[in-house]
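Since the structure comes first, as structure tokens, the remarks are kept for the end.
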Amino acid sequence: MKQRVLSILRESIAQELVLEKPRDRSFGHYATPIAFSLAKELRKSPMVIADELASSFGKDDAFSAVEAVKGYLNFRLSEKFLDEYATWALSDPKRFARADREGKILLEFVSANPTGPLHIGHARGAVYGDTLLRLGRHLGYDITAEYYVNDAGNQMDLLGLSLQLEAMSSLLKMSVEYPEKYYRGEYLKELAIEAKSEFGVEIFTDQDRTLELASWAKDRVMEIIIKDLADLNIHFDTFVSEASMYEKWDEVVAKLKDGAYKSDGKLWLCSTTHGDEKDRVIVREDGRATYLAGDIIYHHEKFMRGYDSYINIWGADHHGYMARVKSAISHLGFDANALEIELSQMVSLLKDGEPYKMSKRAGNVILMSDIVQEIGSDALRFIFASKKSDTALEFDVETLKKQDSSNPIYYINYAHARIQTLLSKSDMKPEEIVATPLVDLNEDADALLFEALLLPEVIEDAFDSRAVQKLPEYLKSLSARLHKFYYDHRIIGSVDEARYLKLLMVVALALHTGLELLGIEAKDRM
RNA sequence: GCGCCCGUGGCUCAACUGGAUAGAGUAUCGGACUUCGGAUCCGACGGUUAUAGGUUCGAAUCCUAUCGGGCGCACCA
């Protein structure tokens with residue numbers, strides 16, 4: 001809708017302009033502060049310019065009024081314009097709010113180590129990534145969702161060892177001495193039992209079989225992770241194994257050219273040339289590659305696959321890692337700007353105002369699956385999607401269990417369900433309703449209709465600015481308007497029944513589409 | 001010490017990326033059901049946007065400094 005308005009305005013004004021929503025709806029549907037920016041070059045006051053521009057608008061099908069107020073240029077859309085758009089949307093709901101953006105994007109997110117189940121911090125990045133994925137795809141982008149599996153390095157030994165220790169302790173009832181660093185948690189106990197029937201108990205005490213056990217455990221953990229993600233409605237297209245990267249090592253090192261150098265018997269990445277604070281070791285003295293080496297090959301491989309852009313979503317604790325990865329990409333001869341790294345900040349949980357207790361059972365972390373079980377996937381997705389991802393977030397699980405307006409997901413679903421109820425109570429057929437023109441609407445109905453039709457631009461804005469929280473904000477606001485409208489206006493049996501129902505169908509469509517993009521299914525009944 | 005992120009009513013968060021009177025929810029107080037789902041709605045209270053300067057028609061947003069918080073600062077992944 002905004003695009004259509006913009007293209008009309010570009011013709012009339014012949015100038016790029018910003019179109020925004022006025023703070024007060026009485027000003028109109030859209031507004032532009034263009035007169036302010038023109039003031040300098042035209043050497044005239046913004047008010048005068050705005051007046052001139054306003055009067056230059058002739059009769060146009062799209063606008064019912066164009067007014068200049070305090071330097072702003074305000075536009076009121078015509079009912080004809082809004083009705084056509086609404087009818088178009090209802091005629092093919094799946095098409096609503098879609099766009100025809102082009103471009104292949106590789107979106108890498110979660111990529112948690114396969115050494116244990118996902119915890120709550122992972123969930124935020126997972127929800128953020130998946131929401132971007134849904135938004136981007138809706139807009140037409142060809143996006144691949146990828147998970148990078150860190151199945152190499154010390155942590156694999158550690159996983160094998162941790163499992164052996166767990167088994168020795170809980171299955172073999174041996175007394176074991178735990179090293180300083182090892183993994184713990186209920187999942188290891190379960191894996192130990194499985195491993196016992198798979199391999200027999202000998203594997204737990206055989207130091208030569210640690211890696212064999214680790215390799216098996218890693219696959220099992222990935223299965224757990226994939227299942228936990230599926231419970232959140234998150235699915236990946238590709239999983240790339242770190243261990244499989246190293247066969248390309250020689251080829252990639254050669255491409256680094258003078259981006260890498262030998263010193264002290266180690267191989268270093270010359271990352272200081274691209275803003276890193278110091279150069280980084282990529283191959284140790286004993287010939288073992290560091291984690292960064294794997295990441296360099298991985299990103300080389302990503303870029304070789306030829307996407308238009310790359311988005312990585314990392315936990316904020318990895319921010320120090322950005323410079324070296326970008327540096328490596330530059331040294332490999334690729335455009336580091338094509339890689340965009342979004343950080344998702346820390347999460348802390350409360351329960352009844354107190355810090356959420358980490359369970360010993362889970363290994364002193366808050367498991368994502370526990371929270372999903374406690375508050376449900378919808379509530380978790382909604383709360384994470386509603387907050388800017390780059391701000392630390394604190395929330396109370398108890399408020400998300402409530403079934404009233406304090407819980408936004410219930411509030412929105414209730415709005416949607418109310419509409420479905422009305423539609424089922426009416427004797428009118430859907431085709432009749434859609435065929436009714438939306439004319440002579442009162443102020444409330446007009447405002448509600450306009451807001452519902454705003455969804456497409458909210459989606460574009462949310463994706464383009466990587467600010468997914470704009471969608472939940474919008475849905476809350478639309479729901480509030482719907483509830484108020486419902487309260488103020490009788491629908492079934494009124495003379496306006498047909499018009500109002502059509503209006504509500506548009507609202508339901510916007511709510512349904514919006515929720516779907518958040519990975520939440522709109523409820524028809526509560 | 002250095003780097004990144006952040007600081008908005010008591011609390012949890014928004015603010016169209018520099019635009020009109022900084023908005024929601026929650027908490028507190030007070031109202032609205034013989035009416036389509038009250039799981040709702042309407043009021044009131046509550047902010048010098050951490051502080052101090054600067055940039056301009058215009059700043060929560062940009063710049064500088066200070067204070068406060070989180071996270072990093074591995075040849076671990």
Side-chain angles (χ1 to χ4, degrees), chain A residues 2 18-24 27 31-33 35-37 39-40 45-46 69-72 74 111-113 115 150-156 158 181 242 264 266-268 275-278 280-286 288-295 315-323 343 345-346 348 350 353 383 386-388 390-396 399 402-408 410-411 413-415 417-418 421-422 424-426 454 457-458 461-462 464-465 467 469-470 472-474 476-477 480 482-494 497 500 525-526:
Chain A
K2 190 176 188 176
V18 180
L19 206 52
E20 52 196 36
K21 278 194 294 174
R23 197 151 292 285
D24 189 332
F27 287 133
T32 176
F36 293 101
S37 38
K40 208 172 218 174
S45 104
V69 180
K70 282 163 61 182
Y72 284 84
N74 298 331
S111 298
N113 292 343
T115 53
N150 299 134
D151 54 357
N154 293 342
Q155 55 181 347
M156 283 300 106
L158 206 54
K181 224 183 148 191
E242 179 191 354
D264 300 340
K266 307 162 197 172
L267 188 65
W268 298 73
D276 201 2
E277 51 195 27
K278 55 181 173 186
R280 307 290 171 176
V281 173
I282 43 184
V283 179
R284 302 175 179 95
E285 224 166 336
D286 61 9
R288 284 155 56 232
T290 62
Y291 176 73
L292 180 59
D295 231 358
D317 52 342
H318 287 72
H319 72 258
Y321 207 74
M322 290 167 64
L343 298 177
Q345 283 286 350
M346 305 292 122
S348 48
L350 298 176
I383 183 79
S386 345
K387 317 293 175 188
K388 271 191 302 208
D390 60 356
T391 320
L393 164 70
E394 189 176 74
F395 75 94
D396 195 316
T399 66
K402 292 189 190 152
Q403 310 210 344
D404 57 34
S405 59
S406 69
N407 185 351
Y410 267 88
Y411 188 75
N413 265 322
Y414 183 38
R418 269 189 151 162
T421 306
L422 288 173
S424 67
K425 285 203 167 151
S426 169
L454 235 32
E457 57 210 69
V458 171
D461 187 23
D464 292 341
S465 58
Q469 78 275 7
K470 291 178 186 212
E473 279 295 318
Y474 163 80
K476 272 192 277 186
S477 153
L482 179 276
H483 284 305
K484 179 157 174 51
F485 186 84
Y486 177 92
Y487 188 85
D488 290 339
H489 302 279
R490 174 80 198 182
I491 291 154
I492 303 293
S494 88
E497 180 169 332
Y500 282 174
R525 220 172 288 148
M526 311 271 305

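The sequence lines fix the lettering, A, B, ..., with proteins before strands; numbering per chain opens at 1.
Classification of B:rU26 as anti follows from a glycosidic angle more than 90° from 0. A syn orientation is assigned to B:rC33, its glycosidic angle lying within 90° of 0.
Separation of the P atoms belonging to B:rC62 and B:rG70 is 23 Å when rounded to the nearest angstrom. Straight-line distance between the P atoms of B:rU17 and B:rA52: roughly 28 Å, to the nearest whole Å. For B:rG23 and B:rU49, the C1' atoms lie 12 Å apart once the distance is rounded to whole Å. Taking atom C1' in both B:rA14 and B:rA77, the straight-line distance is 36 Å, to the nearest Å. Nucleotides B:rA20 and B:rA59, compared at atom P, are 10 Å apart to the nearest Å. A distance of about 14 Å separates the C1' atoms of B:rA22 and B:rG46, rounded to the whole Å. Atom name P, nucleotides B:rC42 and B:rC33: the rounded distance is 15 Å, in whole Å. Separating the C1' atom of B:rU66 from that of B:rG25 is a span of 34 Å, rounded to the nearest Å.
There is no side-chain donor-acceptor pair under 3.5 Å between A:T32 and A:E20. Using modelled atom types and a 3.5 Å distance limit, the side chains of A:Q345 and A:D390 yield no donor-acceptor pair.
Using a 4.0 Å heavy-atom cutoff across all strands shown, A:L158 reaches no nucleic acid atom at all. Among the protein residues, A:K484 comes within range of the sugar-phosphate backbone only, with heavy atoms under 4.0 Å from sugar or phosphate atoms but none that close to a base. Counting any heavy atom pair closer than 4.0 Å across all strands shown, A:A323 reaches no nucleic acid atom. A:F395 comes within 4.0 angstrom of nothing in the nucleic acid, heavy atoms only. At a threshold of 4.0 angstrom between heavy atoms, the contacts of A:Q469 are confined to the sugar-phosphate backbone, with no base atom among them. Residue-level contact check: A:H319 touches the bases, meaning some heavy atom is under 4.0 Å from a base atom. Using a 4.0 Å heavy-atom criterion, one finds that A:K476 contacts no nucleic acid atom at all. Within the nucleic acid shown, A:D264 has no heavy atom closer than 4.0 Å to any nucleic acid atom. As judged by a 4.0 angstrom heavy-atom cut-off over every strand, A:E394 is placed among residues touching the sugar-phosphate backbone only.
Pairing each heavy atom of A:K470 with each of A:V458, the nearest pair is O-CG1, 3.8 Å. A:D151 and A:E242 make their closest contact through OD1-N, 3.0 Å (heavy atoms, listed as atom of the first residue, atom of the second, distance). Minimum heavy-atom separation, A:R288 to A:N154: NH2-OD1, 3.6 Å.
Using Watson-Crick or G-U wobble geometry with both donor-acceptor distances under 3.5 Å, B:rG30 finds its partner in B:rC42. A 3.5 Å limit on both hydrogen-bonding distances identifies no Watson-Crick or G-U partner for B:rG18. In this structure B:rG72 sits in a base pair with B:rC2, meeting the Watson-Crick or G-U test at under 3.5 Å. Both distances falling under 3.5 Å, in either a Watson-Crick or a G-U wobble arrangement, place B:rC62 opposite B:rG54. The pairing partner recorded for B:rG25 is B:rC11, the criterion being a Watson-Crick or G-U wobble arrangement whose two distances lie under 3.5 angstrom.
Two residues are said to be in side-chain contact when any heavy atoms from C-beta on lie closer than 4.5 Å; A:K21 and A:L454 meet this criterion. The closest side-chain heavy-atom distance from A:W268 to A:R280 is not below 4.5 Å.
Put simply, NE2 on A:H489 is 14 Å from C1' on B:rC36, counting in whole angstrom units. Per the geometry, CD1 belonging to A:I383 stands 19 Å off P belonging to B:rA24, to the nearest Å. Atom C1' of nucleotide B:rA39 and atom OH of A:Y486 are separated by 12 Å, given to the nearest angstrom. When rounded to the nearest whole Å, the span between CG of A:L482 and P of B:rA39 equals 16 Å. We find that OH of A:Y487 is positioned 7 Å from C1' of B:rC33, with the value rounded to whole Å. With rounding to whole Å, A:D390 atom CG is found 16 Å from B:rU17 atom P. For the pair A:K2 NZ and B:rC16 P, the interatomic distance rounds to 11 Å; values are reported in whole Å. Following rounding to the nearest Å, A:H318 (NE2) and B:rA77 (C1') show an atom-to-atom distance of 7 Å.
Of the candidate nucleotides B:rC6, B:rA74, B:rA77, B:rA74 has the atom nearest to the side chain of A:R280. Distance from the side chain of A:L393 is smallest to B:rC13 among B:rG38, B:rC13, B:rU35. Listed candidates were B:rA20, B:rC16, B:rA14. Nearest to the side chain of A:K388 is B:rA14. Across B:rA20, B:rA39, B:rC36, the shortest atom-to-atom separation from the side chain of A:P22 is found for B:rA20. Taking only side-chain atoms of A:F36, from C-beta outward, the nucleotide of B:rC57, B:rG37, B:rC41 with the closest atom is B:rC57. Distances were taken from every side-chain heavy atom of A:M346 (C-beta onward) to each of B:rC13, B:rG38, B:rG70; the shortest belongs to B:rG70.
Residues A:P33 and A:T290 each lie close to RNA chain B; by heavy-atom proximity, the contact nearer the 5' end of the strand is made by A:P33. Residue whose closest nucleotide on RNA chain B sits further toward the 5' end, between A:T421 and A:A152: A:T421.
Residue side chain A:Y72 meets the stacking definition with respect to B:rA20: its ring centre sits within less than 5.5 angstrom of the base's six-membered ring centre, and the planes differ by less than 30 degrees. Per the stacking criterion (ring centres < 5.5 Å, plane angle < 30°), A:F27 stacks onto the base of B:rA20.
Under a 3.5 Å cut-off, the side chain of A:H318 and the backbone N or O of A:L343 do not form any donor-acceptor pair.
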Does A:Y500 form a side-chain contact (heavy atoms from CB on, under 4.5 Å) with A:I492? I'd like the steps, not just the answer. CA-CA 9 Å; A:Y500 282 174; A:I492 303 293; over 6 Å; no
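A:K476 has a carboxylate O that lies under 4.0 Å from a charged side-chain N of A:E473, or vice versa, which qualifies the two as a salt bridge.
Within the 4.0 Å cut-off from OP1 or OP2 of B:rC71, not a single side-chain nitrogen or oxygen of A:Y321 is found. Residue A:Q345 has no polar side-chain atom (N or O) positioned under 4.0 Å from OP1 or OP2 of B:rC4. A close approach under 4.0 Å does not occur between any side-chain nitrogen or oxygen of A:R418 and OP1 or OP2 of B:rC41.
In this model, no side-chain donor or acceptor of A:Y291 finds a partner on the base of B:rA74 within 3.5 Å. Between the side chain of A:N74 and the base of B:rA20, at least one donor-acceptor pair of N or O atoms lies under 3.5 Å.
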